[in-house]
Structure formats: structure tokens, C-alpha cells
Amino acid sequence: MYFTHAITRLPADTVAAGLTTASLGAPDAALTRQQFREYIDILLQLGLTVTTLPALPDFPDAHFVEDVAVMMPELAIITHPGAPSRRGEVHSMAPLVSRFRHAVWLGEGEHMDGGDVLMVDKRFFIGLSSRTNEAGISRFAREVEKFGYRVQAVPVASGLHLKSVVNYVGRNTVLLSAAAVDEPAFRDFRHIVLDPAEEYAGNTMWINDSLITPSGYPHTLRQLQQLELPIIQTDTSEIRKMDGGLTCLSLRF
Ligand code: CIR
């Protein structure tokens with residue numbers, strides 16, 4: 001799929017008050033914004049039109065926009081985020097998303113974070129995680145199967161979301177953690193298995209046949225180079241401190 005648009009949100013000064021399981025210290029708000037701007041520059045360089053929403057200081061995780069909606073050509077799903085502190089974020093995203101797509105809302109109890117949703121052509125692999133539950137996946141499946149998509153649930157053993165450690169990287173290949181290698185859902189793909197010391201680089205983003213990958217993960221970089229796609233590296237040190245990665249900073253469509 002060729003992407004023409006991205007929606008992002010400026011990180012707030014309150015970023016350090018967001019949720020995290022990482023023990024990497026508090027992120028610096030100014031450096032977070034600098035890394036965010038570098039990310040936007042990359043999207044622009046790849047030909048996307050980028051809309052950036054204003055910061056939401058009362059929702060310190062709100063710049064992780066990927067979690068609140070899932071975009072596909074036929075519709076958008078507005079999620080019901082798994083973390084109670086993030087549920088309010090959907091109300092400031094839905095009006096913009098609705099300008100581009102018919103929006104369907106997940107309901108009470110139907111938990112889902114977009115970080116668990118991996119779309120590859122007409123297939124969705126959805127992580128069953130601490131943020132996404134069976135009810136969320138069933139409802140999502142009902143909405144998208146009408147359009148010919150297939151949905152497969154995948155248990156998330158490590159990491160916050162499925163896409164923390166499993167991503168499609170083009171050329172029929174998935175980049176994934178050693179723990180996900182035996183997952184039957186991914187058996188139709190070639191595998192690039194992450195070095196356990198570099199699991200964070202699993203959140204590499206394939207977009208318009210280029211790869212954006214976090215800088216500082218040399219083993220993964222060498223593995224990705226074998227795909228012979230353009231690769232852009234960018235520093236995400238501050239984003240990582242809050243369990244975030246590259247995919248979570250935008251909605252692409
Ligand atoms: C959270 O715990 O919800 C945020 N601090 C991080 C969300 C990252 N989202 C993503 O990878 N899709």
C-alpha cells in the first residue's frame with residue numbers, strides 16, 4: 001500500500017507523566033520534540049502530507065497516535081484503548097480521522113491499541129496483549145471482514161504491543177523477536193530474527209518501500225540491509241523511554 005498522508009500529534013511538555021515499563025529514566029520533553037520533528041521530516045521526505053495536531057498536556061501519551069485509530073482504505077476504526085488513562089485521547093482524534101474515512105468506534109469492553117494491529121495487504125495480525133482483548137479483536141474482525149480482510153489473533157508474550165517486536169518490512173518478510181518465530185500466523189513470511197539485545201529495533205517501519213529504523217542497532221541494520229530497500233535511521237532515545245517506537249508516532253493512510 002502506498003501512503004500519501006500521515007496524522008501526528010506534537011508531544012506535550014508532560015511526556016514524562018505517561019505510562020511506561022522501561023527503566024530508562026525520564027524523557028526530556030525538548031529532545032522528545034526534536035526527535036519527533038526529525039521523524040516528521042522523514043515522512044515528508046518520503047512524500048507524505050503530514051497533519052500535526054496540537055499537544056494535549058492532559059494526555060501525556062497522546063502523541064502515540066497509532067494506538068487510537070486503525071486506518072484502512074475502506075474505513076477507520078476508532079479504538080477503545082486498553083489503558084484507562086488513554087481512553088480520552090480518541091475524542092480529539094476522531095473528528096480529523098472522520099474527514100478522511102467513515103469511522104467505526106469500538107465500544108465499552110472492546111479494548112484495543114493500534115500498536116497491536118499489524119496490517120499486511122488484506123490480512124490483519126492482532127496482538128492479544130495487556131491492551132487488546134478478545135472482545136476488541138472480535139468486534140474489529142466483524143467490521144473489517146465485510147471488506148474481505150482476514151483477522152488473526154496473535155498472543156503477545158513480550159513487549160507492550162505486537163508491533164513492539166513484530167513488523168512487516170517488505171519483500172514478504174517479517175522482522176520479529178525470537179519468541180515470535182514459532183508463531184504459526186507468520187509462517188507464510190520470511191523471517192528476520194532480532195538479536196535479543198536489539199529487540200527494540202523490532203519496531204522498524206516499512207513505508208512506501210523504504211524502512212525507517214531506530215539508530216543504534218547495528219546487528220539489525222545489517223540484517224535489514226539484506227532486503228536492499230532504502231533505510232533511514234533516526235534517534236528515538238526519548239520515545240523509547242516511554243515504551244514508544246516509530247510506528248506509534250503516526251497514523252498512515
Ligand atoms: C503507552 O504505554 O501507552 C505509551 N507510553 C506508549 C505507547 C506506544 N505505542 C505504540 O507503540 N503503538
Side-chain angles (χ1 to χ4, degrees), residues 6-29 31-33 35-36 39 43 53 55-71 76-90 92-93 97 106 111-119 124-133 136-137 140 154 156-168 175-177 180 194 199-207 212-214 234 236-253:
I7 297 175
T8 63
R9 183 185 292 285
L10 191 68
D13 283 336
T14 53
V15 279
L19 302 170
T20 189
T21 58
S23 316
L24 298 168
D28 179 84
L31 188 51
T32 301
R33 273 195 294 271
Q35 293 178 348
F36 171 79
Y39 175 82
L43 297 180
L53 292 164
L56 282 183
D58 290 342
F59 293 96
D61 284 312
H63 55 295
F64 298 123
V65 289
E66 173 180 67
D67 293 321
V68 297
V70 180
M71 307 292 285
I77 303 281
I78 307 294
T79 67
H80 189 73
S85 66
R86 300 201 57 191
R87 294 204 181 128
E89 294 173 24
V90 295
S92 53
M93 176 56 75
V97 161
L106 298 190
H111 297 178
M112 179 171 285
D113 278 9
D116 278 316
V117 182
L118 175 62
M119 182 183 180
F124 279 107
F125 303 95
I126 307 189
L128 251 180
S129 71
S130 58
R131 301 289 179 88
T132 297
N133 65 8
I137 298 177
F140 185 99
V154 181
V156 174
S158 69
L160 178 62
H161 291 125
L162 177 66
K163 285 191 288 188
S164 305
V165 286
V166 181
N167 278 280
Y168 184 76
L175 173 66
L176 76 189
S177 64
L194 289 156
E199 277 206 352
Y200 177 75
N203 192 263
T204 285
M205 184 162 118
W206 176 69
I207 180 160
I212 314 178
T213 194
T234 192
T236 57
S237 67
E238 303 313 286
I239 313 292
R240 182 183 180 189
K241 289 175 181 172
M242 300 311 292
D243 281 345
L246 292 162
T247 62
C248 57
L249 292 175
S250 61
L251 283 174
R252 301 150 309 269
F253 54 100

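Order of listing sets the numbers, starting from 1, for every ligand and every atom in it. A quick note: this is a predicted structure, and the numbers were derived from the prediction, not measured. In this chain, numbering begins with 1 at the start of the sequence shown.
Among the atoms of Thr247, none of the N or O lies under 3.5 angstrom from an N or O of ligand 1. Ligand 1 has no N or O atom lying under 3.5 Å from any N or O atom of Thr20, backbone or side chain. Close N/O approach between Leu19 and ligand 1 is found [any backbone or side-chain N/O within under 3.5 Å].
The Gly115 neighbourhood of ligand 1 comprises atoms 12 (N), with distances under 4.0 Å to a heavy atom of that residue. Listed by atom number, the atoms of ligand 1 under 4.0 Å from Arg131 heavy atoms are 1 (C), 2 (O), 3 (O). Below 4.0 Å from some heavy atom of Asp243 lie the following atoms of ligand 1, by number and element: 6 (C), 8 (C).
Side-chain contact between Ile7 and Phe253: present, with at least one pair of heavy atoms (C-beta onward) separated by less than 4.5 Å. Using a 4.5 Å heavy-atom threshold, the side chains of Val68 and Ile78 count as separate. Between Leu118 and Tyr168 the shortest side-chain heavy-atom distance falls below 4.5 Å. Between Leu246 and Pro214, the closest side-chain pair of non-hydrogen atoms falls below 4.5 Å.
Nearest-heavy-atom check against atom 7 (C) of ligand 1 across Thr21, Asp67, Ile239, Asp61 picks out Asp67.
When non-hydrogen atoms are compared, ligand 1 lies under 4.0 Å from neither the backbone nor the side chain of Asn203. Residue contacts with ligand 1, taken as heavy atom pairs separated by less than 4.0 Å, involve His161 solely via side-chain atoms from C-beta onward.
Here the heavy atom of the protein found nearest to atom 10 (C) of ligand 1 is Cys248 CB, 2.9 Å. Here the protein heavy atom with the shortest distance to atom 6 (C) of ligand 1 is Met242 O, 3.3 Å.
For residues 239-253, the salt bridge (charged side-chain N to carboxylate O under 4.0 Å, His left out) pairs, not counting sequence neighbours, are Glu66-Arg252, Glu238-Lys241.
Between atom SG of residue Cys248 and atom CG of residue Leu160 there is a gap of 9.0 Å, rounded to the nearest 0.5 Å.
Every residue two or more places apart in sequence or in another chain that forms a side chain to side chain donor-acceptor pair (under 3.5 Å) with His161 is listed here: Asp113.
No hydrogens or angles considered: nothing links the side chains of Tyr39 and Thr8 as a donor-acceptor pair under 3.5 Å.
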